[in-house]
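In what follows, chains are A, B, ... by sequence order, proteins preceding strands, each numbered from 1.
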2 protein chains.
Amino acid sequence: MSSSTPHSPHTQRDLKKARTRRALLDAGLELLEEQSLSSIGLREITRAVGISPAAFYRHFRDVADLGVALVEESLGTLHAVIQAGLTERSEDGERIDHLVDAIARFVREHPEHIRFVVRERHGGVAAVRTAIGTQLDRFAEEVAGALARDEVSRGWSAEDLRMLGETYVDHMVMTASAFLEAAQGEGPPEDVVAYTARRQLRLISLGRRHWISDPASPAP
Amino acid sequence: MSSSTPHSPHTQRDLKKARTRRALLDAGLELLEEQSLSSIGLREITRAVGISPAAFYRHFRDVADLGVALVEESLGTLHAVIQAGLTERSEDGERIDHLVDAIARFVREHPEHIRFVVRERHGGVAAVRTAIGTQLDRFAEEVAGALARDEVSRGWSAEDLRMLGETYVDHMVMTASAFLEAAQGEGPPEDVVAYTARRQLRLISLGRRHWISDPASPAP
DNA sequence: GCGCTCGGCGCACAACTGTTTACTGAGGCC
DNA sequence: GGCCTCAGTAAACAGTTGTGCGCCGAGCGC
């Protein structure tokens with residue numbers, strides 16, 4: 001858990017505190033560009049911010065603690081995008097295009113956030129790992145809920161919807177990661193990534209349309 | 001690149017060298033259980049093996065260098081499993097079951113290998129990241145090639161087959177990761193993971209069967 | 001205005017890091 | 001059998017690390 005986080009920064013002292021807290025988070029996010037959380041030093045962060053090492057403890061117990069705070073932040077912004085995408089209603093082909101575009105745009109606007117999530121999702125810090133895991137689980141649940149309100153989902157069991165939701169979330173994260181790599185020239189260029197992502201979504205959409213929830217082989 | 005790796009350890013001196021090299025790799029793999037490569041210290045590794053820090057340089061230039069060597073190793077064993085799975089011929093339902101079982105078995109036998117791959121695939125060490133990336137790309141290519149020799153793939157464009165191959169490889173890696181988390185009690189239990197993985201494969205298989213390669217919207 | 005709160009500082013601590021140097025000694029080669 | 005190769009050693013190097021302590025001093029509530 002994060003240390004004391006004033007919900008209402010009325011006084012100008014709390015405001016100042018919130019500001020250096022932000023600076024710490026930003027510095028951590030930036031340092032994560034070329035290493036992983038478990039190798040970032042506390043001093044390294046404070047040095048980047050310009051405060052003394054001891055001051056770090058006024059905001060976080062740990063570097064891992066800061067990491068957990070970053071999870072809230074990064075996945076909070078992603079959450080907004082997801083919900084926006086879920087409420088959107090349009091024909092299937094367009095919908096896929098819009099979704100892929102939305103992901104591309106998000107990566108362009110918040111590259112550090114998705115880098116952090118992708119890198120630490122299976123990273124070396126257990127607390128951060130599980131924080132990301134439970135958060136993505138919630139996303140999958142939400143997506144499943146939205147899918148249930150879809151005419152195509154007639155006859156789908158709750159478990160199958162959940163499975164589909166996970167598939168979409170995982171695909172989204174991987175696509176975002178691919179876009180990020182494209183942006184830093186580490187993989188195929190952006191348009192190729194988008195083209196692949198669209199076809200993969202089409203594949204899933206096709207499988208979805210011909211799916212039959214099979215009561216003969218239930219959950220274990 | 002890795003430092004000198006004797007291909008023919010004839011002499012008992014080269015044999016001894018190969019043995020401590022193995023010990024270094026194993027130690028690294030074990031230390032990776034609870035941290036990521038970029039935070040592992042050279043001294044930490046040599047301490048675990050029981051040799052002096054300086055001796056490390058006789059085998060690797062870097063910890064990153066050792067990481068690249070681990071990529072070859074880990075993905076080499078995975079490669080064998082994939083090829084075995086590709087040559088197997090059976091009815092669709094069975095095939096999926098066998099594939100998922102094969103993944104589960106592999107994770108049970110080589111947990112450290114897949115932990116390493118999953119953790120460092122998007123990890124903080126660029127050299128290792130790209131090594132894993134190109135390796136997985138080759139896997140996708142191979143899978144695509146095998147899929148092409150399938151009666152279902154009639155009329156599929158090369159690009160679409162490639163896309164499908166990537167989808168399968170990504171799904172395999174993620175499933176392996178989920179199995180690993182199950183094994184260490186960090187996620188849903190093994191049978192649930194298997195159940196989900198099977199249904200996801202069924203979804204893809206369904207989409208595959210109804211796919212039409214669209215010449216009207218070609219690659220960008 | 002006074003006393004208290006508390007973010008930030010400076011300093012010290014012991015422990016650790018990667019890398020270099022000159023060395024030893026068992027095994028290889030002819 | 002004697003020289004040579006070379007994996008591994010011990011010691012020293014200059015940095016770095018996380019954490020604890022006591023102390024400011026600006027801002028707060030009363």
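With respect to A/Arg105 and A/Asp101, no salt bridge is recorded, no charged nitrogen being found less than 4.0 Å from a carboxylate O.
Counting distance only, with no hydrogens placed and no angle test, the side-chain atoms of B/Arg13 and the base atoms of D/dT5 include a donor-acceptor pair under 3.5 Å.
OP1 and OP2 of C/dG8 both lie 4.0 Å or more from every side-chain N or O belonging to A/Arg19. In this model, the phosphate group of C/dG18 is not approached by any side-chain N or O of B/Arg47 to a distance below 4.0 Å at OP1 or OP2. Between D/dA7 and B/Thr20, no contact under 4.0 Å exists linking OP1 or OP2 to a side-chain N or O. At D/dA10, none of the side-chain N or O atoms of B/Ser52 fall inside 4.0 Å of OP1 or OP2 (strictly under the cut-off).
Distance B/Gln12 CD to C/dC29 C1': 14 Å, rounded to the nearest Å. Put simply, NZ on B/Lys17 is 8 Å from P on D/dG8, counting in whole angstrom units. When the C1' atom of D/dG18 is taken as reference, atom CD1 of A/Ile45 falls 12 Å away, rounded to whole Å. Following rounding to the nearest Å, B/Arg22 (CZ) and D/dA7 (C1') show an atom-to-atom distance of 18 Å. Regarding B/Asp14, its CG atom lies at a distance of 11 Å from the P atom of D/dG8, rounded to whole Å. Separating the CD atom of A/Glu44 from the P atom of D/dG18 is a distance of 8 Å, rounded to the nearest angstrom.
When all heavy atoms of B/Val49 and B/Ala23 are compared, the pair lying nearest together is CG2-O, 3.5 Å.
Proximity note for B/Arg43 (side chain, C-beta onward) versus D/dT17, C/dG7, C/dG18: the nearest is C/dG18.
Taking the six-membered ring for Trp and thresholds of 30 and 60 degrees, A/His110 and A/His113 have nearly parallel ring planes, at less than 30 degrees apart.
A/Tyr57 does not carry A/Arg61 over the face of its six-membered ring by the limits of under 6.0 Å from the centre and within 45° of the normal.
Nearest-nucleotide positions on DNA chain C for B/Ala54 and A/Ile51 put A/Ile51 closer to the 5' end.
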